[in-house]
Amino acid sequence: MTTLLDDRTSELKGAQSFLTTADAFSGTEVLNTLQRLNSEVLQHTAFIAESMIESYMPDNALMKTEEQMAGATRVTGVIGRTIVHFLGTKKHSDDPILVQIAFQAYFAHVLQWIARAWNIGGDETQNRLIDDIYEKVRDTEAQAISGRWRALTRGNIPRRQRDELQLTSLLTTKILSGLVDILLAAGCNANQPELITTLSSKFSDKISFLVTLAVRVNKIVGEDVTSGDLEVLTVPPASLFDPSSMEDVYNEASSRAGARVLCTTDLGLRKRVRVSTTGEKEKQWAVTTLLKPKVALESVVEIMDD
């Protein structure tokens, strides 16, 4: 009898743990962490762009090398065709702002991926598979169940044999390579190995810190908050500007209907909560934007010197 009672007590505790909606972090704490990440990205990209352009950007435009064109091709799929075009056609030696914006766009892409990944640094096929499974769980189960399923799955996915330092180093190297491609696309007169060496020696600690913050966001939104789904947001390049869902970082007069997004500069945050499992699908969810992503518009390039 005692053994049976102990078994039932253990089962009830397990069920209570699975169904709890208590969050380890409040929405305000998550928001503050993401805002800090955005602020750090802004500061570091401004400093990196100014330093690298001062050291490696020629005063006069030169014919593009094969290496520069290859860098432009690689980074186009990440930050968008339009900003890569302007990187290759605008003058940067007097004002590195466009290079800084491109850096911010690259960070936004990679840091959002880190924040949302089921298995950071793992197999992308595995990440997509689990994402598909979770979408089905989320669409059919109550919030308490789907939230705990996410938290338990995220916390127990088999990972490659990498410790936190190795993972941070891997991601930092990935970001360094992307920044080098942006510098090549902008016309910097140094080769890829030289640019990587300089960036790594001067800025790898700063980039590693940003990666660490993004990994922290991953744990918070994936494991520590189950009362709703916190989604880290970016805006695809060339999207129509919509002030209801995004913010123009430069507050241009052209922030109106018809304006196109050049790239994302600051990550946003949205919370989705399943409030019902019956009725019209769109009415089953309560969606709240906690932080609009910030974007630069294509029109910002018009104020830059040719």
Whether [X] side chain and [Y] backbone form a donor-acceptor pair below 3.5 Å:
X: Asp181; Y: Val75; result: no
X: Lys292; Y: Pro243; result: yes
X: Asn156; Y: Leu152; result: yes
X: Glu298; Y: Ala238; result: no
X: Thr89; Y: His85; result: yes

**Study point:** Derivation and outcome, side chain to side chain contact (heavy atoms under 4.5 Å, CB included), residues Ser146 and Thr140
**Key:** CA-CA 9 Å; Ser146 64; Thr140 56; over 6 Å; no

Identify the heavy atoms of [X] and [Y] that sit nearest to each other, and give their distance.
X: Ser208; Y: Thr172; answer: OG-OG1, 3.1 Å
X: Thr226; Y: Gly147; answer: CG2-O, 3.4 Å
X: Ala190; Y: Tyr56; answer: CB-CD2, 3.5 Å
X: Gly268; Y: Leu34; answer: O-CD2, 3.5 Å
X: Gly187; Y: Pro58; answer: O-CD, 3.5 Å
X: Ser51; Y: Lys202; answer: OG-NZ, 3.8 Å

Practice item. Flag the pair Lys294 and Asp248 as a salt bridge only when some basic side-chain nitrogen lies within less than 4.0 angstrom of an acidic carboxylate oxygen. Key: no

Exercise for review: Salt-bridge test for Arg272 and Asp229: reply yes if a basic N is under 4.0 Å from a carboxylate O, no otherwise.
Suggested key: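 Judged by the 4.0 Å cut-off on N to carboxylate O distance, Arg272 and Asp229 do not form a salt bridge.
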
Practice item. Quick one: do Asn218 and Arg154 satisfy side chain to side chain contact (heavy atoms under 4.5 Å, CB included)? Show the steps, please. Key: CA-CA 10 Å; Asn218 175 284; Arg154 187 79 71 91; 3.3 Å; yes

Exercise for review: Show your working on side chain to side chain contact (heavy atoms under 4.5 Å, CB included) between Val287 and Lys271 and close with a plain yes or no.
Suggested key: CA-CA 6 Å; Val287 182; Lys271 186 172 186 179; over 6 Å; no

Taking the side chain as C-beta and beyond, is there a heavy-atom pair between [X] and [Y] under 4.5 Å?
X: Phe241; Y: Val235; value: no
X: Val232; Y: Val217; value: yes
X: Leu262; Y: Thr82; value: yes
X: Glu194; Y: Thr197; value: no
X: Ile207; Y: Leu179; value: yes
X: Gln104; Y: Val41; value: yes
X: Ile53; Y: Cys188; value: yes
X: Leu111; Y: Leu37; value: yes

Do [X] and [Y] land in one hydrophobic cluster if side-chain heavy atoms of ILVMFWY residues count as linked below 4.5 Å?
X: Leu31; Y: Val273; answer: no
X: Leu42; Y: Ile175; answer: no
X: Ile145; Y: Val275; answer: no
X: Val30; Y: Leu233; answer: no
X: Leu87; Y: Met69; answer: no

Could you grab the distance from atom [atom1] of [X] to atom [atom2] of [Y], nearest 0.5 Å is fine?
X: Asn38; Y: Leu267; atom1: CG; atom2: CG; answer: 5.0 Å
X: Leu297; Y: Asn251; atom1: CG; atom2: CG; answer: 10.0 Å
X: Leu98; Y: Lys90; atom1: CG; atom2: NZ; answer: 8.5 Å
X: Ser200; Y: Leu176; atom1: OG; atom2: CG; answer: 5.5 Å
X: Gln126; Y: Asn119; atom1: CD; atom2: CG; answer: 5.0 Å
X: Gln100; Y: Thr265; atom1: CD; atom2: OG1; answer: 9.5 Å

Practice item. Output, in order, the C-alpha distance, side-chain angles, deciding distance and verdict of side chain to side chain contact (heavy atoms under 4.5 Å, CB included) for Ser245 and Thr289. Key: CA-CA 8 Å; Ser245 60; Thr289 299; over 6 Å; no

Point to revise | Among Ile101, Ile79, Ile83, the one residue meeting side chain to side chain contact (heavy atoms under 4.5 Å, CB included) with Tyr106 | key: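 Of the listed options, the one satisfying the test is Ile79.
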
Review point. Can you say whether the rings of Trp149 and Tyr134 are parallel (under 30°), tilted (30 to 60°) or perpendicular (over 60°)?
Key: parallel

Review point. With Glu231, which of Arg150, Arg270, Arg116 fulfils salt bridge (Lys or Arg N to Asp or Glu O under 4.0 Å)?
Key: Arg270

Point to revise | Glu124, CD: over 12 other non-hydrogen atoms inside 6.0 angstrom | key: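 Enclosed: over 12 neighbouring heavy atoms sit under 6.0 Å from CD of Glu124.
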
Check your understanding: Do other residues, nucleotides or ligands put more than 12 heavy atoms under 6.0 Å from Glu50 CD?
Key -> no

Practice item. Is it possible for you to check whether Arg138 lies under 6.0 Å from the centre of the six-membered ring of Trp285, through NZ or CZ, and within 45° of that ring's axis? Key: yes

Review point. Does a donor on one side chain and an acceptor on the other come within less than 3.5 Å for Ser39 and Gln43?
Key: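 Yes, a side-chain donor-acceptor pair sits under 3.5 Å.
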
Point to revise | From CA spacing to verdict: side chain to side chain donor-acceptor pair (under 3.5 Å), Glu164, Thr168 | key: CA-CA 6 Å; Glu164 189 171 329; Thr168 300; 5.2 Å; no

Exercise for review: Would you mind listing every ring pair (Phe, Tyr, Trp, His ring centres under 6.0 Å) that reaches into residues 203-234, with sequence neighbours excluded?
Suggested key: Phe47-Phe203

